[in-house]
Amino acid sequence: MKKPYTMLLTFLLLCMSMMPVYASANQLNVNEVKEGDTLPSIAQSYEATIDDLQQTNGLNMQGQHILMTREEFKNWLFNNEFTREISLIQQHHTWLPAYAQFKGNNHFQMLESMENFHKSEMGWNNIAQNITTFPDGKIAVSRPFNSAPEGTIGPKANANGLTIENIGNFDIGNDTMTAEQKETIVYLTALLCIKFGLTPSVDSITYHHWWHLKTKERVLDNAQDYDVKTCPGTGFFGGNSTESAKKYFYPLVSQKIEQLLAEMK
């Protein structure tokens, strides 16, 4: 006979942050997630299948990658606590893979390809980014939030940073961002600001373009083109300059913060 294996939806996010999860008052139906636990190992201990666990908990995952809708991400975020100080949200575009590589159902394949590239070619210990957004508006959480991101932006930005990689090449003349992805980027950035007590500004939401490629120092708009990347794209919400962020992106995030806070009352 199978053992009971009812767990909270937040089980999955606890796999990432290594915190225990408890299901109401019935301790017999609770799994306390420990470092090193995987879906296969937990399924085996409960004499269940991975499909059983995923169906019971509403999970959509492969390996460490969790794929969610905007609302699922909201629930994930506010039902989790993080021990690392997070005070900077980084916006990036992938450049490659771009929209041409997205087939509508290959989210996990793209994530695993990026993870493999980051580890084998870049020498990082995991996929660089904490969050990935897709053209269909889906959100993936991969690298644990308690683990500082890696990447060419540099250690100063990464120390207290959280990295969002937006699938696409948003340099002018390339991919045109979908309405779904645009809404997702604004929505999740607003949620992160609420969660971590941030007000949209150049000090709390940064673009890779504002960081020097060699020195890894923040230069904002004061660098030659060859010393900085265009990331998150010259066409990202009106441009990749600080003035573009202040004029186009930050107001959208601020408006979304007000809307979300009103809905949460």
Side-chain angles (χ1 to χ4, degrees), residues 8-17 54-55 57-62 64-82 86 88-94 97-99 102-111 114 127 129-145 149 161-168 170 175-200 204-205 207 232-233 236-238 245 248-265:
L8 294 176
L9 175 61
T10 52
F11 154 76
L12 180 53
L13 63 101
L14 275 308
C15 283
M16 307 282 294
S17 61
Q54 290 179 326
Q55 183 174 3
N57 293 280
L59 311 180
N60 188 8
M61 70 177 293
Q62 284 188 23
Q64 69 175 330
H65 308 294
I66 314 166
L67 187 65
M68 293 174 274
T69 64
R70 290 189 285 267
E71 186 65 23
E72 287 169 343
F73 176 79
K74 177 183 175 184
N75 293 334
W76 183 94
L77 184 66
F78 288 103
N79 282 287
N80 206 357
E81 296 298 329
F82 308 101
I86 295 172
L88 186 65
I89 301 168
Q90 303 175 21
Q91 295 289 349
H92 301 257
H93 72 167
T94 53
Y99 276 24
F102 180 64
K103 307 304 180 184
N105 61 356
N106 62 332
H107 307 77
F108 290 118
Q109 181 182 351
M110 295 179 79
L111 291 165
M114 285 187 283
I127 191 170
Q129 69 265 29
N130 306 98
I131 301 171
T132 307
T133 75
F134 291 88
D136 61 357
K138 293 288 183 64
I139 301 169
V141 173
S142 298
R143 190 183 185 95
F145 278 27
L162 200 67
T163 294
I164 302 171
E165 279 282 359
N166 303 297
I167 297 290
F170 301 121
D175 295 330
T176 299
M177 189 182 292
T178 65
E180 284 294 323
Q181 189 173 23
K182 182 177 181 179
E183 172 62 18
T184 287
I185 293 170
V186 173
Y187 184 89
L188 78 86
T189 304
L191 287 175
L192 293 170
C193 284
I194 294 171
K195 176 68 174 178
F196 299 110
L198 306 177
T199 300
S204 61
I205 302 171
Y207 292 179
F236 183 83
F237 287 87
Y248 300 111
F249 188 57
Y250 296 163
L252 291 174
V253 175
S254 295
Q255 292 168 13
K256 185 62 69 173
I257 289 172
E258 293 181 6
Q259 177 187 333
L260 290 166
L261 288 174
E263 294 172 355
M264 291 176 185
K265 289 182 179 178

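In this chain, residues are counted from 1 in sequence order.
Between Phe237 and Tyr248, the distance from one ring center to the other does not fall under 6.0 angstrom. Checked against the 6.0 Å centroid threshold, Phe73 and Tyr187 do not count as a close aromatic pair. For Tyr207 and His92, the ring centers are positioned 6.0 Å apart or more.
Within the model, atoms CD of Gln181 and CG of Asp175 stand 8.5 Å from one another, a figure rounded to the nearest 0.5 Å. To the nearest 0.5 Å, atoms NZ (Lys103) and CG (Asp136) are separated by 14.0 Å. Taken to the nearest 0.5 Å, the CD1 atom of Ile139 stands 7.0 Å off from the CE atom of Met68. Rounding to the nearest 0.5 angstrom, the gap separating the CD1 atom in Ile257 from the CG atom in Leu260 is 8.0 Å.
Taking 4.5 Å as the limit, some side-chain heavy atom of Leu111 sits within range of a side-chain heavy atom of Phe134. The closest side-chain heavy-atom distance from Leu252 to Tyr250 is not below 4.5 Å. Between Asn130 and Val141 the shortest side-chain heavy-atom distance does not fall below 4.5 Å. Annotation: side chain of Thr189 is in contact with side chain of Ile205 (closest heavy-atom distance under 4.5 Å). With a 4.5 Å cut-off on side-chain heavy atoms, Ser204 and Thr199 do not count as touching. Pro232 places none of its side-chain heavy atoms less than 4.5 Å from the side chain of Ile164. In this structure, Leu162 and Leu192 have side chains that are in contact, with non-hydrogen atoms separated by less than 4.5 Å. Counting heavy atoms from C-beta outward, Asn166 and Thr94 have side chains that stay 4.5 Å or more apart.
Under a 3.5 Å cut-off, the side chain of Thr178 and the backbone N or O of Pro135 do form a donor-acceptor pair. With hydrogens and angles ignored, the 3.5 Å screen pairs no side-chain donor or acceptor of Lys138 with any backbone N or O of Thr184. Side-chain N or O atoms of Asn79 include one that pairs as donor or acceptor with a backbone N or O of Asn75 at under 3.5 Å.
Between Trp76 and Phe145, the angle of the ring planes goes over 60°, which puts this pair in the perpendicular group of the 30/60° scheme. Classification of the Tyr99-Phe170 ring pair by plane angle, with boundaries at 30° and 60°, yields perpendicular.
Counting non-hydrogen atoms of neighbouring residues, nucleotides and ligands closer than 6.0 angstrom, the NZ atom of Lys182 reaches no more than 12 such neighbours.
In plain terms, the two heavy atoms of Leu67 and Ala140 that are nearest each other are CD1-CB, 4.2 Å. Across every non-hydrogen atom of Ile86 and Leu198, the tightest pair is O-CD2, 4.4 Å. Across all non-hydrogen atoms, the minimal contact from Pro149 to Gln90 is CG-NE2, 4.1 Å. Between Pro251 and Ala245 the shortest heavy-atom distance is CD-O, 3.9 Å.
Among Gln64, Gln129, His65, the one residue that satisfies the side chain to side chain donor-acceptor pair (under 3.5 Å) test with Ser142 is His65.
Using a 4.0 Å cut-off between a side-chain N of Lys or Arg and a carboxylate O of Asp or Glu, Glu183 and Lys256 qualify as a salt bridge. One finds a salt bridge joining Arg70 and Glu180 here, because a Lys/Arg side-chain nitrogen approaches an Asp/Glu carboxylate oxygen to under 4.0 Å. Salt bridge absent: Arg143 and Glu165 never bring a charged side-chain N and a carboxylate O closer than 4.0 Å.
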*Give the C-alpha distance, both sets of side-chain angles, the deciding distance and a yes or no for side-chain hydrogen bond (donor to acceptor under 3.5 Å, both in side chains) between Gln259 and Glu263.*
CA-CA 6 Å; Gln259 177 187 333; Glu263 294 172 355; 3.2 Å; yes
*I would like to know whether Gln91 and Ile185 meet side chain to side chain contact (heavy atoms under 4.5 Å, CB included); could you show each step before the answer?*
CA-CA 9 Å; Gln91 295 289 349; Ile185 293 170; 3.9 Å; yes
*Starting from the C-alpha separation in whole Å, work towards a yes-or-no answer on side-chain hydrogen bond (donor to acceptor under 3.5 Å, both in side chains) for Asn60 and His107.*
CA-CA 11 Å; Asn60 188 8; His107 307 77; over 6 Å; no
